[in-house]
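We name chains A, B, ... by the order of the sequence lines, and we start the count at 1 in each one. The basis for the numbers below is simple: all heavy atoms, side chains too, and nothing from hydrogens, waters or symmetry mates.
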2 protein chains.
Amino acid sequence: MLLEAIPDAKVFKAADFIKALNLLEKHIFELLVMDINLPHGDKVGMVEAVRMKQPNILILVCSSYEEHLYALPFLKAGANGYISKTASSDEFKSAVEHVLNGKIYASPAVLNNMFEILFNAKGNDNSPLDTLSAKEIEIAKLLTKGFSTKQIGKHINLSASSVSTYKSKIFEKLGVNNIIELTTYLELNS
Amino acid sequence: MLLEAIPDAKVFKAADFIKALNLLEKHIFELLVMDINLPHGDKVGMVEAVRMKQPNILILVCSSYEEHLYALPFLKAGANGYISKTASSDEFKSAVEHVLNGKIYASPAVLNNMFEILFNAKGNDNSPLDTLSAKEIEIAKLLTKGFSTKQIGKHINLSASSVSTYKSKIFEKLGVNNIIELTTYLELNS
DNA sequence: TGGTGTTGTAGTAATAATTCGACTTTAACC
DNA sequence: GGTTAAAGTCGAATTATTACTACAACACCA
């Protein structure tokens, strides 16, 4: 509705990613506002796929995922902006303007974080995944498969308490709060 | 490799769903073997998308998800077969043969289950989701967002123990064993 | 060569989650 | 209207998980 209110704007809608791709084949667009909880299509890959079809399109990702966790992978994948679904109309308008003016839009926190990561990259290790030890990664993977602390302990011969310690470390390092977030995080940062 | 061993077979590979779709635009294929853990593209939607491009293609879904939980959605979406990634070469060959001969391939357990569901459908309710009460669905959704039993209890004014009871009921009804499976299940059976 | 940080490991106490049984309410069906 | 099944609720007992602490092993580096 906000977009349609813009004079001379032609707005198209697609109910899922496949339909969006079909539209992208037929018309050249200036801006794509994309909901990453769409039924079809995977998250970061969608940005790349769209870029492949239309290299110059502006992409504003709109998502209900927690920003501080998930904005970065999208921006890195080539999105021009990332806005939370819970944002106000004003924020949305501002995001659209930014993007249309060739700027990257994201919340200050996210931009800061991005800045830090880009400049902190002392050559290589910029992914928080790299900061996980081998064992932490192993346990993280088992966690995302749905195994319980106890099961993992049995599996790799550790006390449940040790597994739990690893788990907290992993959560802390990646900044996630529960297994769902961990799973999404690992999916996005494959 | 198994497919390439077939005389006269022309085998194409795609590293992700987008690339697969591109190939499907350029050539007509007899059989598509598709890995549903591909980086791009969502699960059940991929089957539908492929069918849209090539209505007569035979689709064999290959996945590491637990069969009894996840085969059905794919078959319902129009796949011609579902095989586990852990299957033996012989099983795989058999699956391919079945599918090429116009038969549906799935493990006996899955077929049975499918049979039951089709004939048990006393008119309408064939989705296990329908067997969840409104409150169970509400709690299931909150669970897939990563909320803890306690948090949910607070949120909807129930004792943690009641929430936990709902949780077990949900798990039991859907046949899942942990939150990860619940999430995947709900994703697939949107 | 000693300080400092990271990883790997658990025990213990506190907290959270599950199971189970009991009970009430609602719905459904001869 | 009585009977039964399902849904909804919780408390108490049990079990699982976490938070906190501690400590050994190793690496790094100054």
Side-chain angles (χ1 to χ4, degrees), chain A residues 69 116-117 120-186 189, chain B residues 116-117 120-183 185-186 189:
Chain A
L69 275 180
E116 228 173 67
I117 282 176
N120 247 349
K122 303 155 197 156
N124 43 356
D125 71 323
N126 52 0
S127 161
L129 258 193
D130 294 337
T131 71
L132 292 189
S133 71
K135 204 145 219 166
E136 283 167 345
I137 289 178
E138 187 188 5
I139 288 176
K141 280 186 187 159
L142 291 170
L143 285 170
T144 62
K145 287 189 182 146
F147 294 111
S148 70
T149 315
K150 211 185 163 192
Q151 287 175 314
I152 295 174
K154 232 166 232 169
H155 185 55
I156 60 176
N157 249 57
L158 276 182
S159 79
S161 141
S162 300
V163 175
S164 204
T165 306
Y166 280 114
K167 192 174 170 183
S168 342
K169 276 268 174 61
I170 294 164
F171 279 24
E172 192 195 332
K173 281 188 179 178
L174 301 186
V176 302
N177 297 301
N178 51 251
I179 313 150
I180 306 290
E181 283 187 6
L182 177 65
T183 309
T184 314
Y185 186 96
L186 290 183
N189 301 272
Chain B
E116 226 173 67
I117 282 175
N120 247 349
K122 303 155 198 157
N124 43 358
D125 70 323
N126 53 1
S127 161
L129 257 193
D130 293 339
T131 72
L132 291 189
S133 71
K135 205 147 220 165
E136 283 166 343
I137 290 177
E138 187 189 4
I139 288 176
K141 279 186 189 160
L142 291 170
L143 285 170
T144 63
K145 287 188 183 147
F147 293 112
S148 70
T149 313
K150 210 185 163 192
Q151 286 175 314
I152 295 174
K154 230 165 235 171
H155 186 55
I156 60 177
N157 249 57
L158 275 182
S159 78
S161 126
S162 302
V163 175
S164 206
T165 306
Y166 278 114
K167 192 173 171 183
S168 349
K169 277 268 174 61
I170 294 165
F171 279 23
E172 192 195 332
K173 282 188 179 179
L174 301 186
V176 301
N177 298 300
N178 50 251
I179 313 151
I180 306 290
E181 283 188 5
L182 176 66
T183 309
Y185 187 96
L186 290 183
N189 301 272

Please state how far atom [atom1] in [X] lies from atom [atom2] in [N], giving the value in whole angstrom units.
X: B/K167; N: C/dA16; atom1: NZ; atom2: C1'; value: 10 Å
X: A/I139; N: C/dA10; atom1: CD1; atom2: P; value: 10 Å
X: B/L142; N: C/dA17; atom1: CG; atom2: P; value: 14 Å
X: A/K135; N: C/dT6; atom1: NZ; atom2: C1'; value: 15 Å
X: B/Y166; N: C/dT18; atom1: OH; atom2: P; value: 15 Å
X: A/N178; N: C/dA17; atom1: CG; atom2: P; value: 12 Å
X: A/I179; N: C/dA16; atom1: CD1; atom2: P; value: 16 Å
X: A/N177; N: C/dA16; atom1: CG; atom2: C1'; value: 16 Å

Counting only side-chain N and O atoms of [X], is one of them less than 4.0 Å from OP1 or OP2 of [N]?
X: B/T149; N: C/dT18; answer: yes
X: A/S159; N: C/dA10; answer: yes
X: B/T165; N: C/dT18; answer: no

Contact class for B/K169 vs. all strands (heavy atom < 4.0 Å): base, sugar-phosphate, or nothing?
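The answer is nothing, as B/K169 stays clear of every strand by at least 4.0 Å.
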Where is the tightest heavy-atom contact between [X] and [Y], given as atom of each residue plus distance?
X: B/F171; Y: B/I179; value: CZ-N, 3.9 Å
X: A/T149; Y: A/S164; value: CG2-N, 3.7 Å
X: A/I170; Y: A/L132; value: CA-CD2, 4.3 Å
X: B/K150; Y: B/A160; value: CA-CB, 4.4 Å
X: A/L182; Y: A/A140; value: CD2-O, 4.1 Å

Taking for each residue the nucleotide of DNA chain D bearing the nearest heavy atom, is the 5' side occupied by A/S161 or by A/K150?
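Of the two residues, A/K150 wins.
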With no angle test and no hydrogens, is the base of C/dG8 tied to the side chain of A/S162 by a donor-acceptor pair under 3.5 Å?
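No, no donor-acceptor pair under 3.5 Å.
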Salt-bridge contact A/K169-A/E136 (side-chain N to carboxylate O under 4.0 Å)
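Not counted as a salt bridge, because no side-chain N and carboxylate O are separated by less than 4.0 Å.
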Output yes when a side-chain donor or acceptor of B/Q151 lies under 3.5 Å from a complementary backbone atom of B/F147, and no otherwise.
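No, the answer is negative, given that no donor and acceptor are paired below the 3.5 Å cut-off.
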Take A/N157 and B/S148, find for each the nucleotide of DNA chain C with the closest heavy atom, and name the residue whose nucleotide sits nearer the 5' end.
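The residue mapped nearer the 5' terminus is A/N157.
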Covered region of DNA chain D, 5' end to 3' end, by chain A [heavy atoms, under 4.0 Å]:
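Listing 5' to 3', DNA chain D meets chain A from D/dA16 to D/dC20.
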